[in-house]
Number of protein chains: 2
Amino acid sequence: MEPGRGDGAAKLSCEIGYATDKEDGLLRASDVSTVTIDDVARLAGVSIKTVSRVLNREPYVRDSTRERVEAAAAQLDYTPNVSARALAGGRSYLIALYYDNPSPGYVGQIEQGAMAACRRAGHHLIVEEMLEMGAGVQDSIAAFHARVRPDGVILTPPLCDRPELLAALDAVNAAYVRIAPSWGLERSPYVYMDDREAAYEMTAYLQSLGHRDIAFIGGPLDHVAAARRTEGFSDAMAAAGLAVGPGRIQRGEFSFRSGWEAGERLLQDPQRRPTAIFAGNDDMALGVMAVANRLHIEIPRDLTLVGFDDSPSAQVVWPQLTTVRQPTAEMAAVAADILIKRKAADKDARGRLLDFKLVIRESSGPPRGAGAAS
Amino acid sequence: MEPGRGDGAAKLSCEIGYATDKEDGLLRASDVSTVTIDDVARLAGVSIKTVSRVLNREPYVRDSTRERVEAAAAQLDYTPNVSARALAGGRSYLIALYYDNPSPGYVGQIEQGAMAACRRAGHHLIVEEMLEMGAGVQDSIAAFHARVRPDGVILTPPLCDRPELLAALDAVNAAYVRIAPSWGLERSPYVYMDDREAAYEMTAYLQSLGHRDIAFIGGPLDHVAAARRTEGFSDAMAAAGLAVGPGRIQRGEFSFRSGWEAGERLLQDPQRRPTAIFAGNDDMALGVMAVANRLHIEIPRDLTLVGFDDSPSAQVVWPQLTTVRQPTAEMAAVAADILIKRKAADKDARGRLLDFKLVIRESSGPPRGAGAAS
DNA sequence: TTCGCGACTGACAGCGCTGTCCGAGGTGGC
DNA sequence: GCCACCTCGGACAGCGCTGTCAGTCGCGAA
């Protein structure tokens with residue numbers, strides 16, 4: 001059935017043979033003869049098991065032996081086969097990334113961070129989109145883990161807050177790390193950043209520019225990170241002794257449209273416009289920007305506008321958006337590392353805090369008519 | 001070392017046991033006792049091999065037997081283990097997706113399409129970012145294939161046009177499908193859409209709105225799809241008997257910045273502005289939009305602006321961008337299907353053509369002062 | 001009735017690797 | 001100088017599944 005699968009000949013492992021079949025229409029199977037662990041063992045003059053020990057960094061291998069084995073492996077370009085390892089040992093060398101549907105830019109960042117960490121450790125990333133809700137999730141998770149047995153799972157928000165999902169993972173006894181979870185911090189290791197502090201700093205930055213009448217557009221009520229951003233804004237205003245006027249804190253849904261609507265409420269009346277608007281995420285900031293364009297309010301001359309996330313779109317508008325860069329990729333990398341090392345956060349907490357960064361671009365400036373910044 | 005790995009007890013497969021170890025700091029290993037193929041065989045009263053036959057849809061299984069096995073499998077929630085299958089049979093049930101660095105939105109779409117196709121077929125998607133160039137690629141591809149042995153590889157543009165990469169894949173005899181390749185169409189199956197036709201139709205749409213002085217911003221010279229878009233534009237203008245004035249075809253790099261620059265050249269002189277600009281991709285269209293905003297040119301009243309790609313940002317600006325939707329996800333799904341079925345495109349060609357779609361949004365309208373459309 | 005053939009099923013041997021267990025040396029203490 | 005102990009290396013049995021091959025059964029043809 002499979003053409004070109006040499007039977008006895010396949011034993012002559014060392015040589016690299018290219019399959020010669022060119023059967024029309026049939027995709028070539030990858031039946032290049034492989035170098036196996038006992039090729040390495042033979043070349044190094046040791047037993048298979050010793051090679052395995054070197055590979056797995058087990059103790060009790062003489063340095064000289066270790067080096068000989070490593071040299072042999074390098075010479076043959078030997079790489080252990082993941083399936084065989086998974087089958088024999090407990091580990092699959094696969095890390096799964098689950099996501100539902102946050103912005104593609106966000107997921108992309110997460111993916112890259114996780115992938116980098118995996119690559120460093122000889123693991124691989126396998127991506128799963130979890131769309132269905134409710135009971136279906138349990139089944140598909142159970143099935144996935146029975147099939148693949150990933151060494152660990154990375155959960156992105158808002159997925160990482162769904163209780164059925166966590167329950168399903170617990171049921172198959174999977175190791176998982178959550179990124180920026182909103183609750184149940186005791187349930188698993190997690191990685192996060194300080195949203196409150198970031199919002200606080202951004203607000204302080206606006207104040208340092210000379211703004212006193214600053215509006216904030218928050219996110220969904222059930223979104224803990226969003227709440228903490230609002231908190232940071234309020235705290236910073238209070239700390240500076242600045243009043244937050246009525247209607248100066250709007251609620252949005254983290255969408256362009258909701259940002260637009262909040263922007264209209266804030267900017268409609270020329271008499272009551274704030275000099276700066278701090279949107280709880282970039283998408284909403286872009287909504288505000290669209291309103292401003294329509295009303296011929298020039299940014300940053302007439303209005304300072306800042307966002308949060310540093311999404312790709314933030315650089316693809318004019319003026320480019322001042323925003324907060326989340327350490328998204330790093331968070332994913334740390335999460336992957338935790339899973340690969342099979343150790344929860346090294347010391348004290350199970351949560352790992354990473355740093356954000358203010359990204360000052362062109363959409364922010366001193367308020368109109370202000371002299372130098374305070 | 002591994003706690004809780006019952007030795008003899010592990011044979012009592014049917015029951016689901018949750019590991020009880022709660023060793024502090026140590027992530028739980030997934031050592032839930034598994035239901036294996038011989039549990040199913042026992043329950044169905046057949047041999048392991050027969051279960052395997054049913055699983056793999058092999059012929060020569062009596063219908064009644066098949067049903068009994070399927071019932072048993074369903075009752076036990078049995079799912080075959082991928083690693084074991086990979087080790088024993090030739091197939092890994094893993095499809096790899098290689099990408100370098102196109103826009104995250106694009107990759108996200110590709111991923112989703114490929115993932116959906118994989119899921120339908122009981123496969124999984126494993127994502128690899130190929131950053132390094134040159135010789136490094138060869139090694140890392142060889143290593144990856146030795147480790148993972150994916151059943152097939154999906155190559156996205158512009159990756160799919162790199163000869164060293166194709167050579168490396170050929171060397172390990174991997175099956176791959178390319179998405180929108182620019183050259184070497186005979187080297188592998190591929191999936192694509194008709195960029196020329198899409199650009200032609202978009203141009204015709206602009207003409208139908210009443211535009212006669214239309215400018216086009218093309219892409220990089222070596223980008224075949226870009227060239228075909230330019231071609232479609234030119235052909236449509238010629239077909240309508242419309243002249244393309246000097247400087248009306250600009251070249252960009254598919255980036256926001258290059259769109260901006262082209263936009264400045266096109267819009268700087270109020271006397272010589274086109275009534276419509278067709279940008280070769282959305283990012284460049286957004287660059288033009290930024291220039292227009294700055295110059296207080298109102299879209300679509302003073303200028304019609306359209307893009308190509310339907311990237312996520314296209315909806316996150318105001319006015320929302322009229323553009324061409326590429327069947328990105330479908331292309332990836334088709335690519336995955338080809339690899340899973342292990343058959344090149346069914347009949348005639350190795351290339352599979354998919355349909356695009358014009359997405360009319362708010363950035364396009366009749367030229368200023370025009371009455372009804374022609 | 002016997003033969004032959006196609007339909008169907010099962011025993012068996014691995015795939016490439018790791019965990020377990022055991023045994024051979026070497027080392028140091030008394 | 002002997003034994004206990006530590007250090008290191010190898011034999012062996014699978015992990016869970018599939019390919020191969022050798023059957024067994026039933027049924028129409030000879």
Side-chain angles (χ1 to χ4, degrees), chain A residues 1-3 5-8 10-11 13 29-31 33-42 44-66 68-69 73 76 78-93 146-149, chain B residues 1-3 5-8 10-11 13 29-31 33-42 44-66 68-69 73 76 78-93 146-149:
Chain A
M1 192 175 242
E2 293 283 41
R5 281 185 74 89
D7 351 42
K11 270 298 167 203
S13 312
S30 47
D31 43 10
S33 69
T34 328
V35 12
T36 65
I37 195 170
D38 39 54
D39 294 318
V40 180
R42 219 171 300 133
V46 296
S47 78
I48 294 182
K49 179 60 199 180
T50 301
V51 179
S52 169
R53 282 208 182 83
V54 173
L55 258 42
N56 296 291
R57 296 198 170 62
E58 288 175 29
Y60 303 149
V61 177
R62 198 181 299 145
D63 279 349
S64 63
T65 310
R66 178 181 303 279
R68 217 167 59 250
V69 171
L76 295 176
Y78 169 72
T79 329
N81 176 293
V82 187
S83 301
R85 301 234 269 187
L87 198 53
R91 323 192 50 177
S92 63
Y93 296 84
R147 303 175 72 84
V148 177
R149 312 246 179 119
Chain B
M1 193 174 239
E2 293 284 39
R5 280 183 77 89
D7 354 39
K11 269 298 169 202
S13 312
S30 49
D31 43 10
S33 70
T34 329
V35 12
T36 64
I37 195 170
D38 39 52
D39 293 320
V40 180
R42 220 171 300 135
V46 295
S47 77
I48 292 182
K49 178 64 200 177
T50 301
V51 179
S52 168
R53 282 206 182 82
V54 173
L55 259 41
N56 295 292
R57 293 199 172 63
E58 288 176 28
Y60 300 148
V61 178
R62 197 178 299 143
D63 280 349
S64 62
T65 312
R66 178 182 303 280
R68 220 167 56 249
V69 170
L76 296 176
Y78 170 71
T79 327
N81 176 294
V82 188
S83 301
R85 301 232 270 187
L87 195 53
R91 323 191 50 178
S92 63
Y93 296 85
R147 304 175 71 83
V148 178
R149 314 245 177 118

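Letters A, B, ... mirror the listed sequences (proteins, then strands); counts begin at 1.
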*Should A:Ser83 be listed as having a side-chain N or O under 4.0 Å from OP1 or OP2 of C:dC15?*
no
*How many Å lie between CZ on A:Arg91 and P on C:dT18, as a whole number?*
11 Å
_Spacing of A:Arg62 atom CZ relative to D:dG10 atom P, expressed in whole Å_ = 10 Å
*Whole angstrom is fine here: how far is it from CD1 in B:Ile48 over to P in C:dG14?*
17 Å
*With a 4.0 Å cut-off on heavy atoms, is A:Tyr93 in touch with a base, just the backbone sugar-phosphate, or nothing at all?*
nothing
*5′-ward residue of the pair A:Pro59/A:Lys49 relative to DNA chain D*: A:Pro59
*Between B:Glu58 and B:Ala84, name the one whose nearest nucleotide on DNA chain D is closer to the 5' end.*
B:Ala84
_Phosphate-side-chain proximity, A:Arg85 and C:dC17, N/O vs OP1/OP2 below 4.0 Å_ = no
_If you compare every side-chain N and O of B:Ser47 against the phosphate oxygens of C:dA11 (OP1, OP2), does one of them come in below 4.0 Å?_
no
*asked:* With a 4.5 Å cut-off on side-chain heavy atoms, are B:Val148 and B:Ser92 touching?
replied: no
*Tell me: CZ of A:Arg42 to P of C:dG16, nearest whole Å?*
12 Å
*Does a nitrogen or oxygen in the side chain of A:Tyr60 sit under 4.0 Å from OP1 or OP2 of C:dG25?*
no
*Can you tell which of D:dC21, C:dC17, C:dC8 lies closest to the side chain of A:Ala88?*
C:dC17
*Choose from C:dG10, D:dC17, C:dC17 the nucleotide whose nearest atom is closest to any side-chain atom of A:Tyr78.*
C:dC17
*Do A:Tyr78 and A:Leu55 have side chains that get closer than 4.5 Å, going by heavy atoms?*
yes
*asked:* With a 4.0 Å cutoff (strictly under), does any side-chain N or O of B:Asn81 reach OP1 or OP2 of D:dC15?
replied: no
*asked:* I want to check something: taking the side chain as every heavy atom from C-beta on, are A:Lys49 and A:Glu58 in contact at a cut-off of under 4.5 Å?
replied: yes
_If I take atom CD1 from residue B:Ile37 and atom OG from residue B:Ser47, how far apart are they, to the nearest 0.5 angstrom?_
9.0 Å
*Which residue lies toward the 5' end of DNA chain C, A:Asn56 or B:Leu87, if each is placed at its nearest nucleotide?*
B:Leu87
*Without hydrogens or angle criteria, can the side chains of A:Arg149 and B:Thr34 be said to hold a donor-acceptor pair below 3.5 Å?*
yes
*Over how many whole Å does the gap from B:Arg53 atom CZ to C:dC8 atom P extend?*
11 Å
*For the pair made of CG in A:Asp38 and P in C:dC17, what is the distance, rounded to whole Å?*
8 Å
*Just to confirm, is there a sub-4.0 Å distance from OP1 or OP2 of D:dT18 to any side-chain nitrogen or oxygen of B:Ser52?*
yes
*C:dG10 phosphate, OP1 or OP2, under 4.0 Å from B:Thr50 side-chain N/O*: yes
_Rounding to an integer number of Å, can you tell me how far A:Arg66 CZ sits from D:dT7 P?_
14 Å
*Do A:Val69 and A:Arg53 have side chains that get closer than 4.5 Å, going by heavy atoms?*
no
*Measure the distance from CZ on B:Arg149 to P on D:dC17 and round it to the nearest whole Å.*
19 Å
